[in-house]
Structures are given as C-alpha cells and as structure tokens.
2 protein chains.
Amino acid sequence: MSVTLADVAARAGVSAATVSRVLNGNYPVAGATRNRVLRAVEELEYVVNGPASALAAATSDLVGVLVNDIADPFFGIMAGAVQSEIGHATRKLAIVCNTGGSPERELTYLTLLQRQRAAAVVLTGGAVEDPAHGEALAARLRRLDAAGSQVVLCGRPPLGAATAGPHPLTVTFDNRGGARRLTDHLLTLGHRRLGYLAGPAARTTTRHRLEGHRTAMAAAGLADDAERLTAHGAYDRASGYDGALELLRRDPDLTAILAANDTVALGVCAALRDRGLRIPQDVSVTGFDDLPFAVDAMPALTTVRLPLHAAGARAGRLALGREDAPPGGVATFRGDLMVRDSTAPPRR
Amino acid sequence: MSVTLADVAARAGVSAATVSRVLNGNYPVAGATRNRVLRAVEELEYVVNGPASALAAATSDLVGVLVNDIADPFFGIMAGAVQSEIGHATRKLAIVCNTGGSPERELTYLTLLQRQRAAAVVLTGGAVEDPAHGEALAARLRRLDAAGSQVVLCGRPPLGAATAGPHPLTVTFDNRGGARRLTDHLLTLGHRRLGYLAGPAARTTTRHRLEGHRTAMAAAGLADDAERLTAHGAYDRASGYDGALELLRRDPDLTAILAANDTVALGVCAALRDRGLRIPQDVSVTGFDDLPFAVDAMPALTTVRLPLHAAGARAGRLALGREDAPPGGVATFRGDLMVRDSTAPPRR
DNA sequence: GAAAACACAGTAAGCGCTTTCTATCCGTGG
DNA sequence: CCACGGATAGAAAGCGCTTACTGTGTTTTC
C-alpha cells in the first residue's frame, strides 16, 4: 500500500533496523549510511507508520488536551498554550478534545486517549463536583497513570485529598483570592449592596470564587447580604442577562454586580442597559478571567486577569516532563485585579 | 504490562479472535459467548490498544482538524461543530491542531496526521495564497488522499483548478457575496466615502471579501475610492485600531469603515472613540462573521453572519462519509446581513 | 436418513515498526 | 602478527491486534 521502512531500507541498501535507527537518532550510525538513508526517505516520501511505531515502542506521540468548550477563549487560550509548548519541543501531536462540559464525554475521551496510549493527558477547566463523577474520573486517571500516561490538571483544583492513588500534577488558579480582591475593590469604593452572579453550582471553580466573595463580604459584616444576593447560572451570556434581572428583582437598590466571569458580565451589562441603568454610574459590574474582549466591552470591564497562557504552557511542559514538578505537585497562579471603567463609587 | 486481548480471551474462555469480533461487532457471535466476553472486558477493565488495532486494520480512529487559531471563536466554533459531529457518530477521536496560521506548521501537522494514519483530515480557515505553499500543501493533501485519508476543506475556498490530482471535498462561505451585501447596505444608506480595512493580503478569504467590496463599489461608480481607501492588516483587534487611524489619515471625511471581521471592527470602534468620533452618528462600522460578541459590542455590530456551526457539522459528516458529497464536491454557505446599531445614514 | 447448508469459533499469518542479540570489520596494543 | 575491543550493521523476535481460512457441531432439505 504505502511506503514502508523495508522499502526505504531496500532503496538505501541497508537493513530496516538501520533505517529505524537513523530516523530515531538513538543509536550510532555512520555518516555515509545515514545520508544514504535520509536520501531514500526523501525520494520515497516516506512517512513513518505511527501506529506500528507506537505498538512496537509501547508508547505514542499523542498528548491529549481536554477542554470544556473549545469555542470559549478561556479554554482556547489555555489549550493553545499547551499545544504550542508541545509542538515546539517534539514531534508529538497535541490533540484537543472538546467535552462540552459533559462528565460522560470527559470519561469517554479519557478512555479514547488511553486507547491511543497517549503519552500524556492535560485536563483543563473546572471540575464537576458530583462525587460519583469525581470517583469515576479519579479511577480513570489512575488507569491512565498506570498505563504510563502523564496526567496534568490545568485550571482546575487538585484532586481532593480523599482520592486514592497517585495525585496528578496540577496547575491551578487562585480563584478564591481573585474573587476576594474583586469584592474588596467594590467594598472599598463604598458599595454595600453587592449582587453575586455565580456559575453552575456544581463546579469547583464556581465554589472557590463564591468562597472568596463571601470571605470578603463576611469580613465587612455583610455575610447575610452575600447569602441573599447570590444567584447561580451557567457560564454564558444569557445567564448573565437573566441573572442580572433576577438579582435586581431581589434587590432593586443593588449598586454592583459581580459576574462569574467576563462572558456573564457581558450579559449583565446588556440587561442593565435594557433596564435603563448606566454602568458604572448606576451599577458597577465586574467580570473574571480578563479574556481579550473584556477590554473592548463598553465600558471596559474591571476584572481579574488569569494568566491562562502561562498556565497552559506550564502544564504543557509538565506533561512532557520538561520541567520539574512544583513542590507538592501543585503550581498556583494568582489573578491580578484589572481596574477599568465598569466600576465606580456608588451614587449617593 | 497492561491487559491485552489475550488476557480477556483467556478469562472468557474463548479465542482472541472472538473477543476482537465481539468488540468490533462486525461478525456474528452467539449471545452467550458475547456476554461472557463483555463481562471479562468489564472485569479486567480492558481498553483496546489503539495503535495495535490501527496497525492491523490499516486505519486509525483519528480525525484531524486543523485550525489557524484555536483561541479565536471563529475557528473554535467550526472545530467544535466538526468534533461534535464526529463524537456523536463513532468512537472516532477528532483531534484539533492549532497551526497558528503558519504554513509550515500546517504542513507539519499534515505530516503528523499522515503518520498517525488519520481516517480523515479537515482543514479550516483561509488558505495562504503563496503559490509555493499552495503547491506544497496540495502535494501533502494528495499524499493523504493516497494514504486513504478523507480530506475536507472547511471555510476555505476549493483548491485552484490548476492543482493536480483529486480535489478535496470543500465546504466554503460566500465571502464575496457577504462583502458585497455589506457594502451595498452602506451605499444604500447614502455613504460614499467608505474605508475598507482588509485582512492579510496573502489570504484567500481576504481577497474574496475585498473583491465583493470592490464589485459593489464599482457598480456605484466608486472604484477609484475603493482602491484608495483600502488598507491591509491582520485579523486582530490591534490591526483594527491602527488601520482605522490610517484610513482616517488618508481621508478625514470618511463616513464608514468596513472591517475585515468582527474582531478587527472592535479595534476600529476603539480607535474611533479615542478620536472622539461617535458610532454610528459620525462613522458607521461593519464587521464580518457575526461571532458571539458582535451583538454585545457597543454599539451592536452590523455584520454578516456566517453559519460556522452548520459548516463545521457538514464538514464533519463529509469527513466521515456519512453524507454524500455535494455536486462538484463544493458546498457553499452564504452569509446573511445582520443590520444592527453600528451603521446609520451619514450625517449631512 | 444422508447430504448439504449454516452458524459459530478457533488457527495462524501477518500489519510495520523497535530493539535485543549477534556478526562483522577495523584499528590497536602487546 | 594475533588476540581484542570498539564501532557499525544485520537478523530476528516480538508488540497486540485483525481477518482470511479452517474446522466443528447443528440444522435444514429432499
């Protein structure tokens, strides 16, 4: 069918073993021989048969990258960083798999990757908090580990301490701290009636951000308000729109809304505008993540910048074993407050 | 090392062949036997060795999807659609590869995919117009085709008629028509001094949109203006910002700017605002693509909606051979004009 | 009731590569 | 001048799976 090692060997007048050694460069081959082989490879347009190679060598060149939503820049940026880190280094192929946020598809993809004997797997994005899923996921990761794949979590918290087996390397964000800083910023501006529009309740990311918010609120003696003025939704624009209206219903005198992330904040802004409220004069709004569009929103969003690219690159290097594991196996990136035009002191 | 077919066979008390047949379901196996095998698979947590399977069957479960920029929703949406179409159907694994718009990396990935013996390859995004690259690319695609991979182009024009060999299936957008409609819209509103901020000159997408624009301008007797008021940039926000300033320098009396796409339009809007110009009262602005954020921009962007999801899904089905090839091997999706708040008649 | 047809299941030959072990050639030191 | 070690290259044994090709009981058919 297609050109094989043997064909190249015949053409170069050497054995298949020699061709393999030239191609993999892990064994001394005389210069003249090597050139002859390389020329034959060129002439025949030989391309290694990956599966055969993976079978014989018992490991493949594939690195899996799982994302919740490939169309969301949050994941796109991280995945792109992982991939570019991997592409830079080796002839390895980073493959991005879109789970659509579904736990089942996450498991399916992990099995598929194990089946491909992936060299490494990077899971990005917030984990689902369902305990049953957590256990199933941990089991799958353990199997991957046992099968020799390096597992790295990126942008999600480490596996719970209760989880059995080896803990995967983790690159995570300080979501609590970010949310706390954002809330403090608003409190410092003088806001007291703050609404919090959280993401899906079952996500760890959501919980951590919410915890950060509550910590700050509690420190200001506003714990009850924080409780009352929290609504949950999805990480999308429509949820932001509906959620803002809901919060306004609960308290028409709200002077600020903290959105779960930038995308949600966009929806919040749209809802406020439709209600005839000005941002930030009437209501301040904050996002989270600092995705590229945050600065272009009108007004430009005050938000927390997550170093998505740096985190993805780090995860990529860890996956390849090109960087030592951080102490405790967990690297945490903090998010910096970006104060822009969507927040201001509340009007009297 | 890990569990193999033979282990499962031993446990189920059958031969390896039978296990393989149960797993692939392409051969009659008695119900009782099948159940025994399935139970053994469960108990041993057996996961097929993909490379071995691919080697023996001479084809893998991998489908490659090439994108220019994974962090850009334009590609993210198409890639997501391809992937969901493929995931729906089969146990195939769609793998998204990020070329970063670099022709070399595009070729590298194609080789890597050929090496993996991918079942199909979908290339999304505008092609680079460099003839040398075009030839190299065509050659690579021919090789993939020869190696048995189904090749599909998505969101890029068909390979030039001059290209030798079999032409890949293509799903494309009517960029010319979209740009024409956009320009006509502005002309109808009464604009005469239109600036066109095009994408990278070397991209086919850029050229087609530009052609559409010029056709409309020429029909209105404004061919010379079109020539004079065209600037090129990248498909990003910064280019929009700089490009808008450049066009304004060329003609301070501009009443409208057509941006290469929505992202560029965002930059244009920022530049105009910084210049103290109001949109659309002083200058009308249009985008292209209708990415999700276009409707959230301030003002909401008048643009052309490209059915990215539908196109990606179609490409996915073609790649899997689950849909007949369109006549001529080319399916064209048109883009609809979405009139929003960023365009208005010019002020007197 | 014997022959032909059928429904399964097993045997075994690869798929194209990697890698261990072995063979060969050559230069070198005693 | 011969034994020896180093540097290369070849032979061959798999890696784990798929899939003709071959059985072997069990129905059907006249």
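Given the structure is predicted, the values throughout are model-derived calculations rather than measurements. In what follows, every heavy atom counts, from backbone to side chain, and hydrogens, waters and symmetry copies are set aside. Here is how names work: the chains are called A, B, and so on, in the same order as the sequence lines, proteins then strands, and each is numbered from 1.
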TODO: Please step through side chain to side chain donor-acceptor pair (under 3.5 Å) for the pair Thr111(A) and Arg140(A), ending with a clear verdict.
DONE: CA-CA 8 Å; Thr111(A) 302; Arg140(A) 214 58 130 256; 2.9 Å; yes
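- Leu55(B) has its CG atom 9 Å from the C1' atom of dG14(C), to the nearest Å.
- Between the C1' atom of dC17(D) and the CG atom of Leu23(B) lies a distance of 11 Å, rounded to the nearest Å.
- The CG atom of Asn49(A) sits 6 Å away from the C1' atom of dG16(C) (whole-angstrom rounding).
- Counting non-hydrogen atoms of other residues, nucleotides and ligands closer than 6.0 Å to CG of Asp324(A) gives a total of 12 or fewer.
- Note on Ser15(A): every side-chain N or O is 4.0 Å or more away from OP1 and OP2 of dA11(D).
- Salt-bridge formation is detected for the pair Arg156(A)/Glu106(A): a Lys NZ or Arg NE/NH1/NH2 atom is positioned less than 4.0 Å from an Asp or Glu carboxylate oxygen.
- Between Arg36(A) atom CZ and dA9(D) atom C1' the separation is 11 Å, expressed in whole Å.
- Between Thr4(A) and dG16(C) there is no side-chain polar atom (N or O) within less than 4.0 angstrom of OP1 or OP2.
- Place Ala57(B) and Pro28(B) on DNA chain C by their nearest nucleotides, and Pro28(B) ends up nearer the 5' end.
- Distances were taken from every side-chain heavy atom of Ser53(A) (C-beta onward) to each of dA9(C), dC17(D), dT18(C); the shortest belongs to dT18(C).
- Note that CG of Leu93(B) is 9.0 Å distant from CZ of Arg115(A), once rounded to the nearest 0.5 Å.
- Atoms CG (Leu5(A)) and P (dC15(C)) sit 13 Å apart, rounded to a whole Å.
- Each of Val96(A), Asn98(A), Val65(A) was scored for a side chain to side chain contact (heavy atoms under 4.5 Å, CB included) with Val96(B), with one residue passing: Val96(A).
- Rounded to whole Å, the distance from CD on Gln116(A) to C1' on dC17(D) is 13 Å.
- With hydrogens and angles left out, the side-chain atoms of Glu104(B) and His133(B) include no donor and acceptor closer than 3.5 Å.
- To the nearest angstrom, C1' of dG16(C) lies 10 Å from CG of Asp7(A).
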Report each atom pair, protein N/O against N/O of nucleotides 20-27 of chain C, whose distance is under 3.5 angstrom.
| residue | atom | partner | partner atom | Å |
| --- | --- | --- | --- | --- |
| dT20(C) | O4 | Arg21(A) | NH1 | 3.1 |

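- Side-chain atoms of Ala30(A) lie closest to dT8(D) of the nucleotides dC17(C), dC17(D), dT8(D).
- OP1 or OP2 of dC17(D) has not a single side-chain nitrogen or oxygen of Ser20(B) nearer than 4.0 Å.
- In this structure, Asn24(B) places its CG atom 11 Å from P of dC17(D), rounding to the nearest Å.
- Positionally, the nearest nucleotide of DNA chain C for Val29(B) lies more toward the 5' end than for the other of Val29(B) and Ala54(A).
- Rounded to the nearest 0.5 angstrom, Arg105(A) CZ and Ser84(B) OG are separated by 6.5 Å.
- Across the helix from dG1(C)-dC30(D) to dG30(C)-dC1(D), the helix axis at one end is tilted relative to the axis at the other end by 40° (nearest 10 degrees, each axis from five pairs).
- Here the OH atom belonging to Tyr46(A) is positioned 15.0 Å from the CZ atom belonging to Arg11(A), to the nearest 0.5 angstrom.
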TODO: Please assess Ser15(B) against Thr18(B) for the test side chain to side chain donor-acceptor pair (under 3.5 Å), listing each intermediate value before the final yes or no.
DONE: CA-CA 5 Å; Ser15(B) 73; Thr18(B) 301; 3.3 Å; yes
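- With respect to Arg142(B) and Glu135(B), a salt bridge is recorded, a charged nitrogen being found less than 4.0 Å from a carboxylate O.
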